[in-house]
Visitor: 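Before I ask anything, let me first share the structure, which is written out below as structure tokens.
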Amino acid sequence: MITVSEALDLIKTHANQLPSVKRPLRDSYGSYLAEEILAPISLPSFRQSAMDGYAFRKGEIEELEVIGECKAGDATEFEIRENQAVRIFTGARVPDQADTVIIQEHVEVNGGKISIQKMPEKSTNVREVGEQIQAGDQVLPAGTRINESIIGFLTSFGITEVLVISKPKITLIVTGNELQEAGSPLRPGSIYESNAIMLESALKSRGFDSVQLLKVVDDLEATKRTIAYGLESDLLLISGGISVGDYDFVQEALQANRVQEIFYKINQKPGKPLWFGKSDKTLVFALPGNPASSLTCFLIYALSALKIMSGNPDYDLNFQTGVLKHRTFNKFGKTLFILGTEKNGQLEIYPKQASSMLISYALGNALVLVPAEKEILEPGESVLFLPINRS
Ligand code: AMP
Ligand code: MG
């Protein structure tokens with residue numbers, strides 16, 4: 001059985017970034033840039049007035065004749081003499097011959113003339129060409145995650161398409177005869193199927209929108225067929241059927257589909273029977289069916305692989321350090337992932353921790369890592385945790 005860090009290393013070894021693809025900028029939120037972006041134009045691309053006022057040639061003359069008007073969107077050119085000005089508004093193109101804009105609050109208007117009350121410095125209120133960025137300069141490096149600010153910024157250059165790393169296509173297969181869809185009274189011996197919707201929500205909330213959901217009963221042939229279909233995706237997640245019971249067919253069905261095993265079983269709790277493997281183009285995680293095990297293996301392992309595939313350079317688990325409020329035991333000699341609530345760095349651990357239970361996951365905001373070699377953790381001791389269920 002391998003350790004948590006060995007498992008993470010194997011995932012890093014086998015997960016590869018997907019090919020790049022051109023996407024409309026509008027549909028690129030959350031993707032990672034596959035190439036650097038250079039400014040196709042300078043911003044601003046022409047000299048703009050930063051204020052409503054008058055454009056003129058700065059000199060000694062304080063009485064100026066207003067010879068015309070430039071509003072936003074106009075491109076009129078003016079011959080401006082030293083005793084002349086042009087009425088101008090924010091965002092409008094400053095005529096070539098003007099070098100300064102005086103704000104309207106600093107002039108007195110008399111008919112077709114203005115008198116300057118407070119002479120500005122030369123160049124005041126003129127946004128120079130390329131003040132924000134010059135054409136040809138780097139706007140963003142490759143590997144940048146596209147967010148709303150970036151979508152706005154790139155559009156201000158007129159960009160409509162970006163080259164990004166593809167997002168993985170995911171298939172999620174849920175196995176189990178006992179599973180019943182929520183929405184009707186529970187049949188005797190059945191339980192409501194909850195892993196599919198939980199994992200689908202976990203994926204979609206992280207921007208992995210391409211999720212196909214398949215369900216299969218505990219039958220070898222049906223499991224083989226469903227897996228064959230799921231192997232068309234970039235990543236296949238399977239829930240349940242990976243343990244050693246007589247009706248656990250997932251491992252055999254994966255072998256029949258020539259999926260190469262990379263590891264099976266990690267020295268951890270919950271989530272020991274995680275199976276990870278690879279076929280030609282697909283990474284496969286067979287997650288244990290117990291809900292807390294499934295979610296833990298998804299958050300720790302499958303998500304790391306998905307980040308690497310989608311080009312997220314920040315794929316390492318982002319553990320933080322907190323301080324335990326009370327004594328905590330680890331009787332198992334395994335790495336424990338236990339649920340608690342973190343507030344101001346203080347961690348309160350919940351009493352109910354079992355692979356079959358989601359109660360503590362549902363209440364908690366911290367997944368705390370207890371090292372395998374630690375039998376007792378004292379109050380005040382520092383531990384690592386992953387923030388969960390936040391935003
Ligand atoms: P398995 O990994 O298939 O042996 O399932 C382990 C436990 O998790 C059993 O108690 C199952 O009933 C339960 N389980 C498996 N799949 C699901 C699921 N999709 N939703 C809720 N519980 C499940
Ligand atoms: Mg099962």
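Please read these numbers as outputs of a predicted model, since none were measured by experiment. Numbering of ligands and ligand atoms starts at 1, following listing order. Only heavy atoms go into these numbers, but all of them, side chains included; no hydrogens, no water, no symmetry mates.
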Visitor: Examine K269 relative to F332 and say whether NZ or CZ is less than 6.0 Å from the centre of the six-membered ring and inside a 45° cone about the ring axis.
Guide: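 Yes; both conditions hold, so K269 lies above the ring face of F332.
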Visitor: Does D96 pair with R93 as a salt bridge, N-O distance under 4.0 Å?
Guide: yes
Visitor: In terms of atom number and element, which parts of ligand 1 are under 4.0 angstrom from non-hydrogen atoms of G241?
Guide: 1 (P), 2 (O), 3 (O)
Visitor: Look at atom 14 (N) of ligand 1 and say which protein heavy atom is nearest, naming residue and atom and giving the distance to 0.1 Å.
Guide: G289 O, 3.3 Å
Visitor: Where is the tightest heavy-atom contact between P270 and F337, given as atom of each residue plus distance?
Guide: CD-O, 3.4 Å
Visitor: Quick one: side chain to side chain donor-acceptor pair (under 3.5 Å) partners of S115, sequence neighbours excluded?
Guide: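 Residues passing side chain to side chain donor-acceptor pair (under 3.5 Å) with S115: Q117.
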Visitor: Return the closest protein heavy atom for atom 9 (C) of ligand 1 as residue, atom name and distance.
Guide: E178 OE2, 4.1 Å
Visitor: Do L33 and L163 make a side-chain contact, defined as non-hydrogen atoms from C-beta onward lying under 4.5 Å apart?
Guide: no
Visitor: Within a distance under 4.0 Å of any heavy atom of E193, pick out the atoms of ligand 1 and give their elements.
Guide: 18 (C), 19 (N), 20 (N)
Visitor: Suppose the criterion is salt bridge (Lys or Arg N to Asp or Glu O under 4.0 Å): which pairs have a residue in residues 5-29, not counting sequence neighbours?
Guide: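 Output for this query lists K12-D316.
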Visitor: Would N290 count as a polar contact of ligand 1, with the cut-off being nitrogen or oxygen pairs under 3.5 Å?
Guide: yes
Visitor: Assess S356 for proximity to ligand 1: is some non-hydrogen atom of it under 4.0 Å away?
Guide: no
Visitor: Looking only at heavy atoms, which two atoms of S42 and A135 are closest? And how far apart?
Guide: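 Smallest interatomic distance, heavy atoms only, reads OG-N, 2.9 Å.
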Visitor: Among all protein heavy atoms, pick the one closest to atom 4 (O) of ligand 1 and tell me residue, atom and distance.
Guide: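 In this structure, atom 4 (O) of ligand 1 has D248 OD1, 3.9 Å as its nearest protein heavy atom.
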Visitor: Any carboxylate oxygen within less than 4.0 angstrom of a Lys/Arg side-chain nitrogen, looking at E200 and K204?
Guide: yes
Visitor: Among all protein heavy atoms, pick out the one at the shortest distance from atom 21 (C) of ligand 1; state its residue, atom name and that distance to 0.1 Å.
Guide: S194 OG, 3.4 Å
Visitor: By number and element, which atoms of ligand 1 are closer than 4.0 Å to a non-hydrogen atom of I191?
Guide: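 Every atom of ligand 1 under 4.0 Å from some heavy atom of I191: 12 (O), 21 (C), 22 (N), 23 (C).
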Visitor: Which of the atoms in ligand 1, numbered in the order shown and given with their element, are less than 4.0 Å from a heavy-atom of N195?
Guide: 16 (N), 17 (C), 18 (C), 19 (N), 20 (N)
Visitor: With heavy atoms of V174 as the reference, note each atom of ligand 1 found under 4.0 Å away.
Guide: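 That gives atoms 19 (N) of ligand 1.
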